[in-house]
Engineer: 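My questions all concern the structure below.
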Amino acid sequence: MAKITKLDDIVSLCKRRGFIFQSSEIYGGLASCYDYGPLGVELKRNVRAAWWNSVVQMRDDVVGLDSSILMHPLVWKASGHADKFADVIVECKKCNTRSRVDHLTSGAEEHTEHVPVETAMTDAAALDKKVCPNCGQVGQFTEPMAFRLMFETQMGANVDDTMRLFLRPETAQGIFANFRNVLDSTRVRIPFGIAQIGKSFRNEVTTKAFIFRTREFEQAELEFFCEPGTDDEWYEHWRQQRFEWYLSLGIKKENLRFREHDLDELAHYAKACVDVEYRFPFGSGDWQELEGIANRTDFDLRQHQRGMRTLNSWFEKKGDLSQIELNSEADNYHKGPLSYFDDQTKKRYIPYVIEPSAGIDRSALAFLVDAYDEEEVRGETRNLLRFHHSLAPTKVAVFPLVKKDGMPEIAVKIYDDLKGHFTCFYDEKGAVGRRYRRQDEAGTPFCITVDGQTIEDSTVTVRQRDSMEQVRVATDQLKNYLRGELEL
RNA sequence: GCGGGCGUAGCUUAAUGGUAAAGCCCCAGCCUUCCAAGCUGGUCAUGUGGGUCCGAUUCCCAUCGCCCGCUCCA
């Protein structure tokens, strides 16, 4: 089986067929930003829908949410992003490699969690004693550079009276901030989850590999709330569920794996974390993360209870986050405003949270890469995308075999009849073989062709993308036939 | 941000200090009764901005973007 080894081939296919374009290409492009073309947007919609179907629609214990990208700045103070979501980096003058200051503190490998900027800046003061991890030179560093990983913007059109806001770096905090609302407005009971799909923004230090790591990206996140003590089994449950999801949508088993986070790799609030990784065809041929599933304990809800207690300080300091110290936690925090009362057991507690967090763009890329195939047909190379039916941008293409003898009229009628039910495409130009191959490259699973026999007995051929085999189906049975085949 | 590589049509490649060439794709027409057939015609390019020069796609500088590595990370 032919295998793509270069990302270039994927990028080329994506552009040629209208899946993905570089953003602002007519102006020379904008780094790290990409646009989804006509086929790409359908693919992405289908990826979202498949996630939503699996995580929300098919479950009795998960509800959906769509929170705003802009949120109260205290959200990010409480979540820790405002303080910790920044890196301080220096560059070794000898070997030109860059290192995070907090990684220079000692020779021993430490945890990789971000540290507050102030701490890092303090560390930076003692740089002349630090060792470059790459070349071993001591104290040969540039001035420390601070990186703010959150995008900033301002609210209010009057420039003298605006409020500094952040574009969310993750959708999760919108879920935590609405925990109480969902609890009060629906009749959910723990254990239950809140799911959300949406854009997030991070000023990554480096972007990478096409749409794999971009500064604007789309996440599909679930926060699943459960009683402390049951969190280990729910963590296990969601690991399996999420891994299965990728396989059920056609990702090849040999290209998917788990990667457990070591204890010293975990964020300080996380009890456990595992990545679902896909073997992307990047230069190194390396495994790369599609999704992380973490046990975040009760950290987030407790932090937001602290944040809620800090509101006065927010007004006193006129919204200057750097001047604000998060208030300490109440002694009886477990009875706080974001706690949960279980009226079966009469217990009140802050729930634990299991968080599966997937990258929609990354997943779309993985599905694209995994579906790509080339095969020899009569000495010609046939390029095709073997998408799972539910992901295919176009489900059905309708052709007249030739553009005469009344075939186009019949085909158009069939097309008009089907397009209300499936994403369809009509084509009557050129040789039918060419039209088939074009649909192969777009990943369309079924092609319907009206031929001479149709005029006699009202049947058409239905051609399968993967096998190229054809069956005859009565025109009035087409809708049912396709429904069955597409499992819609 | 550093180092390396690369930017010519939608794609893949030519060529040149002096009219930018071809194949595929695409479009129109003809022909075609099932897998990128054929014929005719057609659209479309030197990433951007400067400099040198009579003249720059070519040489120089800057810039933007992509890939690989370092680094980092969902």
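Reminder, nothing fancy here: chain letters follow the sequence lines and each chain counts from 1. Bear in mind the structure is a predicted one, so any value in this text is a computation, not a measurement.
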Engineer: Mapping A:D275 and A:R435 onto RNA chain B by nearest heavy atom, which one lands closer to the 5' end?
Structural biologist: A:R435

Engineer: What contact category does A:F399 fall into here, base, sugar-phosphate, or nothing, at under 4.0 angstrom with non-hydrogen atoms?
Structural biologist: nothing

Engineer: Regarding A:T461 and A:R472, is there a side-chain donor-to-acceptor distance under 3.5 Å anywhere?
Structural biologist: no

Engineer: With a 4.0 Å cut-off on heavy atoms, is A:S32 in touch with a base, just the backbone sugar-phosphate, or nothing at all?
Structural biologist: sugar-phosphate

Engineer: Strictly by Watson-Crick or wobble contacts shorter than 3.5 Å, is anything paired with B:C70, and which nucleotide is it?
Structural biologist: B:G1

Engineer: Write down the distance separating the P atoms in B:G42 and B:G23, rounded off to the nearest Å.
Structural biologist: 13 Å

Engineer: Name the closest nucleotide to the A:Q22 side chain, picking from B:C35, B:C11, B:C66.
Structural biologist: B:C66

Engineer: Mind checking A:R382 for me? I need base, sugar-phosphate or nothing, with any heavy atom below 4.0 Å counting as a touch.
Structural biologist: nothing

Engineer: Contact class for A:F21 vs. all strands (heavy atom < 4.0 Å): base, sugar-phosphate, or nothing?
Structural biologist: nothing

Engineer: Please tell me which of the listed nucleotides, B:C35, B:A36, B:C11, lies nearest to the side chain of A:R16?
Structural biologist: B:C11

Engineer: Taking atom CD of A:Q219 and atom OG of A:S200, what is their separation to the nearest 0.5 Å?
Structural biologist: 3.5 Å

Engineer: Please report the distance separating the P of B:G38 from the corresponding atom of B:U12, rounded so that it comes out in whole Å.
Structural biologist: 22 Å

Engineer: For A:L401 and B:U32, what is the distance between atoms CG and P respectively, to the nearest whole Å?
Structural biologist: 13 Å

Engineer: If you check every side-chain atom of A:A31, which of B:A37, B:C66, B:C67 has the closest atom?
Structural biologist: B:C66

Engineer: Quick check with a 6.0 Å cut-off and a 45 degree axis cone: is A:R463 positioned over the face of A:Y436's six-membered ring?
Structural biologist: yes

Engineer: Find the distance A:I20:CD1 to B:C11:P and express it as a whole number of Å.
Structural biologist: 15 Å

Engineer: Look at all strands and tell whether A:Q453 reaches a base, only sugar-phosphate, or nothing, counting heavy atoms closer than 4.0 Å.
Structural biologist: nothing

Engineer: Taking atom P in both B:G50 and B:U57, compute the distance separating them and give it to the nearest angstrom.
Structural biologist: 12 Å

Engineer: When we call it a touch if two heavy atoms are under 4.0 Å apart, what does A:R463 touch: a base, just sugar-phosphate, or nothing?
Structural biologist: base

Engineer: Whom does B:U43 pair with, Watson-Crick or G-U wobble, provided both distances fall under 3.5 Å?
Structural biologist: none

Engineer: Counting the atoms with a prime plus P, OP1 and OP2 as sugar-phosphate, which does A:S12 contact under 4.0 Å by heavy atoms, base, sugar-phosphate, or nothing?
Structural biologist: sugar-phosphate

Engineer: So if I take every side-chain heavy atom of A:T449 and compare against B:C11, B:U32, B:C34, which nucleotide ends up nearest?
Structural biologist: B:C34

Engineer: Base, sugar-phosphate alone, or nothing: which one does A:D405 contact when heavy atoms must sit under 4.0 Å apart?
Structural biologist: base

Engineer: How far, in whole Å, is B:A15 from B:U8 if one measures between their P atoms?
Structural biologist: 14 Å

Engineer: Establish, with yes or no, whether the OP1 or OP2 oxygen of B:C25 is under 4.0 angstrom from a side-chain nitrogen or oxygen of A:R434.
Structural biologist: yes

Engineer: Within the 3.5 Å criterion, strictly below it, is a donor on A:Q196 or A:S67 matched to an acceptor on the partner's side chain?
Structural biologist: yes

Engineer: Give the rounded distance in Å between these two atoms: CG of A:D427 and P of B:C35.
Structural biologist: 16 Å

Engineer: Does A:G452 reach a base, just sugar-phosphate, or nothing at all? Heavy atoms under 4.0 Å.
Structural biologist: base

Engineer: Identify whether the distance between the nearest side-chain nitrogen and carboxylate oxygen of A:R279 and A:D370 falls below 4.0 Å.
Structural biologist: no

Engineer: Watson-Crick or G-U wobble partner for B:U58, using a 3.5 Å limit on both distances?
Structural biologist: none

Engineer: What is the pairing partner of B:G7, taking Watson-Crick or G-U wobble pairs with both distances under 3.5 Å in any strand?
Structural biologist: B:C64

Engineer: Kindly say if A:Y27 contacts the phosphate of B:G65, meaning a side-chain N or O under 4.0 Å from OP1 or OP2.
Structural biologist: no

Engineer: Could you state the CD1-P distance from A:I448 to B:C35, rounded to the nearest angstrom?
Structural biologist: 19 Å

Engineer: Using ring centroids (six-membered ring only for Trp), state whether A:F280 and A:F212 fall under 6.0 Å.
Structural biologist: yes

Engineer: Kindly say if A:K404 contacts the phosphate of B:C31, meaning a side-chain N or O under 4.0 Å from OP1 or OP2.
Structural biologist: no

Engineer: Rounded to the Å, how far apart are A:R213 CZ and B:C70 P?
Structural biologist: 12 Å

Engineer: A:K429 NZ to B:G38 P: how many Å, rounded?
Structural biologist: 19 Å

Engineer: Which whole number of Å gives the distance between the C1' atom of B:C39 and that of B:C53?
Structural biologist: 47 Å

Engineer: Taking the same atom, C1', in B:A14 and in B:A22, what whole-Å distance lies between them?
Structural biologist: 7 Å

Engineer: How many Å lie between CZ on A:F19 and C1' on B:C11, as a whole number?
Structural biologist: 16 Å

Engineer: Sticking with atom P, work out how far B:G47 lies from B:U13, rounded to a whole angstrom.
Structural biologist: 15 Å

Engineer: Given atom CD of A:E380 and atom C1' of B:C34, what is their separation to the nearest angstrom?
Structural biologist: 16 Å

Engineer: Using heavy atoms to find the nearest nucleotide of RNA chain B for A:E25 and A:S357 separately, return the residue whose nucleotide is more 5′.
Structural biologist: A:E25

Engineer: Scan every strand shown for a Watson-Crick or G-U wobble partner of B:U19, both distances under 3.5 Å, and answer none if you come up empty.
Structural biologist: none

Engineer: With sugar-phosphate meaning primed atoms plus P, OP1 and OP2, does A:K403 contact a base, only sugar-phosphate, or nothing at under 4.0 Å between heavy atoms?
Structural biologist: base

Engineer: With a non-hydrogen cut-off below 4.0 angstrom, is A:T461 in contact with a base, only sugar-phosphate, or nothing?
Structural biologist: base

Engineer: Quantified in whole Å, what is the P atom distance between nucleotide B:U58 and nucleotide B:C6?
Structural biologist: 16 Å

Engineer: Nearest 0.5 Å, what's the OH-CD distance between A:Y246 and A:E291?
Structural biologist: 4.0 Å

Engineer: Using a strict threshold of under 4.0 Å (side-chain N to carboxylate O), is an ion pair present between A:R386 and A:E375?
Structural biologist: yes

Engineer: Would you mind pulling out the nucleotide paired to B:U32, Watson-Crick or G-U wobble, both distances under 3.5 Å?
Structural biologist: none

Engineer: Looking only at side-chain atoms of A:Y34, point me to the closest of B:A36, B:U33, B:C66.
Structural biologist: B:C66

Engineer: To the nearest 0.5 Å, what is the distance between CZ on A:R435 and CG on A:D440?
Structural biologist: 13.5 Å

